[in-house]
Structures are given as structure tokens and as C-alpha cells.
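Numbers restart at 1 for each chain; the letters A, B, ... are given by sequence-line order, proteins then strands. No hydrogens, no waters, no symmetry mates; every other heavy atom, side chains included, goes into these values.
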Protein chains: 2
Amino acid sequence: MSQTASIKDVANHAQVAVGTVSNVLNYPDRVSQKTKDRVLKSIAELGFVRNDAARQLRAGQSRTIGLIVLDVGNPFFSSVARAAEDAATALGSVVLVGDSGQDASREAHYMDLFQEQRVQGLLLSPVGDVEERIDTLRERGVPTVLVDQLADTDRCSSVSVDDQEGGYLAARHLLDLGRRRLAFVGTPSIRQVSSRLEGAQRAVAEVPESTMEVLDSAGQTVLAGRQVGNALVERDPAERPEAVFCSNDLLALGVMQSLTMLRTVRIPEDIALIGYDDIDFAISAVVPLSSIRQPTEALGRTAIELLAEEQESGGTKHRAVVFTPELVVRQSTAGSPN
Amino acid sequence: MSQTASIKDVANHAQVAVGTVSNVLNYPDRVSQKTKDRVLKSIAELGFVRNDAARQLRAGQSRTIGLIVLDVGNPFFSSVARAAEDAATALGSVVLVGDSGQDASREAHYMDLFQEQRVQGLLLSPVGDVEERIDTLRERGVPTVLVDQLADTDRCSSVSVDDQEGGYLAARHLLDLGRRRLAFVGTPSIRQVSSRLEGAQRAVAEVPESTMEVLDSAGQTVLAGRQVGNALVERDPAERPEAVFCSNDLLALGVMQSLTMLRTVRIPEDIALIGYDDIDFAISAVVPLSSIRQPTEALGRTAIELLAEEQESGGTKHRAVVFTPELVVRQSTAGSPN
DNA sequence: ACTCGTCTTTGAATCGTTTCATTTGTTACG
DNA sequence: CGTAACAAATGAAACGATTCAAAGACGAGT
């Protein structure tokens, strides 16, 4: 009683064969009402709970989908995760979330773990170069969908948002305000970030006399943003950029904190500031933050859909869905456009 | 090759017995160097990956810990979850996170799921009345630790923060500012929230002429806060409270958005506002938000420690750890104290 | 050459399900 | 009354790892 009862215990207690108990659980129609009642009663009395490990072992597959994100603390990812969970639940699956924290070894750790768990599939927002590993996974029958990053459709499916376009929109917006000396804050080693940077550089290239410096941040968190912000505050005012584009809202909020802390810098008058992701907290910032909105629910939902397609096709057909980002203008970039 | 190789395949390929392969994996010392090399080579060639289901089945236990939180989107919980994950990783376990969304049926769903997975233990931030269910779990050998809620030490362990004290601190602070007509915003059906409310009421009882109305919000999110805020804005100014205490920062930020949107209400002059949790975003709000800080890392870490203790004692000894919250004063409650 | 002890290796048994070919039971019909 | 048709129940055989008693290999000591 103290230890969990097995299906065999239930069978003994209900005076039936183990197969019958299994049928009650999985194919209730095959069992007569009378037997069913008896078995269910025994299940309740013994407090029987299915052993998922045994079930999986037999089935050869779990009902589990692995999701590896760059940072669960980032509302962008928790929103994507939530959407994916909901979509998966509707299909009778469960999503396990792993947080790589932008660390390639933690990412690898979770990939190994999920492989051992024989997950149905993997949703991955990659840190490093994972193309080879994904090939391996596919060979081993673990379909993978890249999330928030475009993939070759030869290799695997992906859902993403056009980061170049988003970067372009952000920088173009800053330039349209009349700002010429821009700064980009982020960690370009992440592919999404470098795409946003490229887009921004394209916009800068279109406007004569405009420049953009790149400030590499230590991570993509509020804290990292604060550090960059402090560095900006310490600069000679003439050396400060006129506008700052942060590769996500967390960074932007951190930068904002530092800039506004000592009231030496005014936003947007002295420095216009724009983030990326349009998280819920952007609107309620000290200075409501302009941002680039991404459709998080659609990302999460589509990721699950694509995974289902991969499974159906046996991992042969891949599809890349790309959403379009949207500029959201708020006070942090208010000001007379030229 | 396309399908995953089993330990038996490896054994054949390396010309050894299955037991030897298992030993290479689990007790490398028992195996001679020569054999080990050969087996490892076969493992690499066949791309063998351990099947966790089979391992668990045999072991009777998984290396998994279940964590059910009220809302992963809430930075408070994602921070606790992160700390718990780190602590668990150090012990060689993995944390699976389930989001109940403050819904008792989703909570039950995850409890069932984790039970089927035969988790090592459960960390639970409960929505409804779970005491009975916890008794059942304990009987079935699943130790449970309540997170962010005090428990009878007869039944199970718990890590929590003194919510009454936190509520008292918040309300007392508002009263000390000279405010007399307070409002409390939250969902008192959640135990943590009702404790905070009780603490606040204790403070109000200490100050003559002071009152506090209770505004029941639909959830504990930014959106729910916005709704309450809108209702306050629509009130006749004379009917509005002089100070508002929200049972968490998300609600407070939502209320703040509504109040400051139309600039009809000034914070803190017209309404002083305080939240709870002191999430990272509180400091960078339109009006930097006063709050009650909780030690999230300590909560997560301690939860795992207590779970380990439960396991060692076989679920007989329980312990309740209670941390003390801390008032953090920012601009949203600035003003001359009386 | 033989025994003893140590170090390796073996392979059958086990964990708890699901599956499926068989057996058993029941009803209907000629 | 015999049997065909169908429904319900059975139980042995997987699934893939770990465990452990037993067997095998090998060198040292007598």
C-alpha cells in the first residue's frame, strides 16, 4: 500500500488477467461493463497509478516534447513556451522546458537529456552551431524544429520572425527621428542578434552621414543592459550616441535604468531608445519603451504544428515559417521626425 | 542505424555481454581498459543513446523533480524555478516545470502527470486545497515540499516567506505616509494573497480612522491589474483610495499603467502604490515601484534541500523554513511621512 | 602441477506495461 | 442440436536497461 501498486496487483485484486486491466485503461470498449467496474474499483482501492516509464518503454516513444530556450526569465520565451504547451496539450503531449541560458554546454546537456528521454521531438532556440547535431538527431528519429531562427529547409523546419527586417525597422525608425549616431547593444554571437544587427546596418547604409557603433553586452539580461548603460553615462556627453537600439527589451530596460538613474541623460531627448520583443513590461517602463513586436503565441503554436508535420512525414519534409515583426512606437523614441 | 541502437546491439557489435556494456556505462572501474575501449568505440559507431525509460523502469525511480508554479510568466516564479533547477542539477536531477495558471484542474493534471512519471518528489505552489492530495502522495512515496506557502510540519515540509509580515510591512508603510483610505488588490482565494491581506488588515487595525477596501482581481497578471486600475480611474476622485497595495508586482504594474495612462491620477501624490515580490521590472517602471522583496534564490534552493531531507528520512520528518520579507521603498510611495 | 585469490566477464531474471494470437463464453440461426 | 459469428478475457512475449550470482581467466605461492 505504501508502495505503488502495479497492474499485476490490480489484476490479482480484481481477479482478472493483466491484459484486461490494460484494456480497461486503454480500450474501455473492449471490456464488459461488469468487469470494468470491478477493475476500476480495484484501481481506486489500491491507489494504482500507471507507470509511465514502463508504458514508454513498450511504446518506444514518449508523449513528451522538449523545448530549449535561451532564457526562461525572458517574457518573450516564457510566452512562446506557454503557447507551445497549450498547443501540445491539445494533442495530448507535454512540453518539457530546458533553459540553456545562452550557454552551449547547457544546451548540449539538455539535448542529450531529451534524447535519453526519447522525446517525440525537439523545439530548439539554438545558441551555437547545432546544424550537425540536428542532422544526427534526425537520423535517430528525433524531429527538430528551430524556434526563432531560420533554418535551411533541407535540414529541418523552423519558425522564426524576420530579424533582419525587425532590425531594419528599428534602425530606420531611429534615423527617421533625425538621429545619426546610433549604437547597437547586444550579443551578436547569437544568430538572431546578428541578423537584427545586419538589418540595422542596412538601414544605416541607406542614410548618408549616419553611423552605428556596436556595443557587445555580456548577455541579454536587464543586468547586462545596466552595465552597458553605465558605460554610456560615464562617457563624455559628446561621445554618447543619439539613439540606442537594443537587441531585446530586457537589455533596453537595463540601459534605461542606468541612463535615467542620475537624470544626466533624458530619454528620448538626449538619447532615443528602442528595444526588441515588445514584452508586457515595455509599456510600463519609466519611459514607455518603443519596441519591435513579435507574435509569440503564433511562434509557439506553429512550432508544435511543424513538429507534427515532421513526425507525419517521418522527418523528410521540412518547412520554414517566417513571421513579420512590427514596429511599436512609444515615448522612448517620441520626437519630431525630420 | 536510422533507429536508435539498444544496449544489446552494442553488445553484439563489440562482442561482449550486455552486462559488460552496462558496466562500462555505470561502473567503468569494473571493466578492463581493453574491453572498455572496444565498447566505447561501438557505442560511438552505432550512435547508442541510453533509453531513460528502461533505466527508470528498472530503477523504480526517476531522476526527475516536478515543480508546479502558479504562473511561469511571473518573474518571481521563473526566478524560483531557476534556482531550483540549479540546485537540482548539482544533485544530478532534473526539474520539470508545470504551470497551473492558478487553475486547480491544471494543477491536478500536473500532479497526476508527475505521479505517472514517478518523480523523485514534488515542489508545489498550490492553488487550492491540496492537503489531502499531499497525504496521498506521501503514502505513495512521493515526498512533497510546499513552496511559497507554509505547511503543517505534521504533513510535509515547506519553504515560504512570512506573507502576513510582508502584508503588514506594506500597509504599515502606506499608513506611515499619512494615507488612511487604503485599497488592497488581489485574489484572496490564493492562500499567499489572503495572508498578505491579513497582515495588511492588522496594520490598518493599529491606526485609528484608517480603512482598507478589498478589490478582488481576476487573476494576478498585468492585465488583471489594468482592469482594476481602469475601474479606479472611472471612480469619482473623492471615492478613490489614497494608497493601493497590490498582492504582486504584476498587478501593481497593471494598475500603474491604467492610472498613469490618462494622467488624471498622479503616483504617488494622489495614490501611493506598492506591489509585492520586487521583480526586476519593478525598478524600471514608469514610476519606480515600491515593493516587498522575497528571497527567490533562497526559496528555490531550500526547496530542493528540503526535498532531499524528505527523501532521506523516508518522508517522516518535515521541516518548515520561513524567510522574512523586506520593504523596498521607491518613488511610487515617496512622500513626507507623518 | 595444483590451489587460492583477485579481477573480468557472463547471461538470466527483473522492472510494469502493451500487444496480440488464442481460448473461452454467449447468442443466433438453420 | 450443431455450429457459425461475435464478444470478452487470457497470458506469454516483447520493450531496454540494471543487477547479481556464477563462471572464467590469470598469476602467485607452495
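For B:Arg191 and B:Asp148, the salt-bridge test fails: no basic side-chain N is under 4.0 Å from an acidic carboxylate O.
Atom CG in B:Asn51 sits about 18 Å away from atom P in C:dC15, given to the nearest Å. Note: CD (A:Gln15) to P (C:dT24) measures 19 Å, nearest angstrom. As rounded to whole Å, 12 Å separates atom C1' of C:dT14 from atom CG of A:Leu57.
For A:Arg133, the CZ atom is densely surrounded, since the number of other residues' heavy atoms within 6.0 Å is greater than 12. More than 12 heavy atoms of other shown residues, nucleotides or ligands fall within 6.0 angstrom of atom CZ in B:Arg106. Environment of CZ in B:Arg38: crowded, with over 12 heavy atoms of neighbouring residues, nucleotides or ligands closer than 6.0 Å.
Side chain of A:Asp99 to backbone of A:Val72: a donor-acceptor contact under 3.5 angstrom is found. Formation of a donor-acceptor pair under 3.5 Å by the B:Ser6 side chain with backbone atoms of B:Lys8 is found in this model. Within the 3.5 Å criterion, the main-chain N or O of B:Asp9 finds no donor-acceptor partner in the side chain of B:Asn12.
Partners of A:Gln117 by side-chain hydrogen bond (donor to acceptor under 3.5 Å, both in side chains), not counting sequence neighbours: none found.
Atom OG of residue A:Ser157 and atom NZ of residue A:Lys317 lie 10.5 Å apart, to the nearest 0.5 angstrom.
For A:Arg58 against C:dT17, no side-chain N or O and base N or O form a donor-acceptor pair under 3.5 Å.
Residues from residues 17-37 of chain B lying near DNA chain D, meaning a heavy-atom separation below 4.0 Å, are B:Gly19, B:Ser22, B:Asn26, B:Tyr27 in numerical order. Contacts between residues 110-121 of chain B and DNA chain D, counted as heavy-atom distances below 4.0 Å, involve no residue at all.
Within the nucleic acid shown, B:Val39 has no heavy atom closer than 4.0 Å to any nucleic acid atom.
Two residues are said to be in side-chain contact when any heavy atoms from C-beta on lie closer than 4.5 Å; B:Leu96 and B:Leu67 fail this criterion. With contacts defined as side-chain heavy-atom distances shorter than 4.5 Å, the pair A:Lys36/A:Pro28 qualifies.
For the helix from C:dA1-D:dT30 to C:dG30-D:dC1, the terminal axes (five pairs an end, C1' atoms, rotation from four pairs onto the next four) enclose an angle of 60°, given to 10 degrees.
In the 5' to 3' direction, nucleotides of DNA chain D lying under 4.0 Å from heavy atoms of chain A begin and end at D:dA8 to D:dG16.
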Legend entry - Evaluation steps, side-chain hydrogen bond (donor to acceptor under 3.5 Å, both in side chains), between A:Arg118 and A:Gln56: CA-CA 9 Å; A:Arg118 298 291 190 272; A:Gln56 276 185 211; over 6 Å; no

Distance-only check: which donor-acceptor pairs under 3.5 Å involve side-chain atoms of residues 46-55 of chain B, not counting sequence neighbours?
| from | atom 1 | to | atom 2 | distance (Å) |
| --- | --- | --- | --- | --- |
| B:Arg50 | NH2 | B:Asn26 | OD1 | 2.9 |
| B:Asn51 | OD1 | B:Ala53 | N | 2.9 |
| B:Asn51 | OD1 | B:Ala54 | N | 3.3 |
| B:Asp52 | OD1 | B:Arg63 | NH1 | 2.9 |

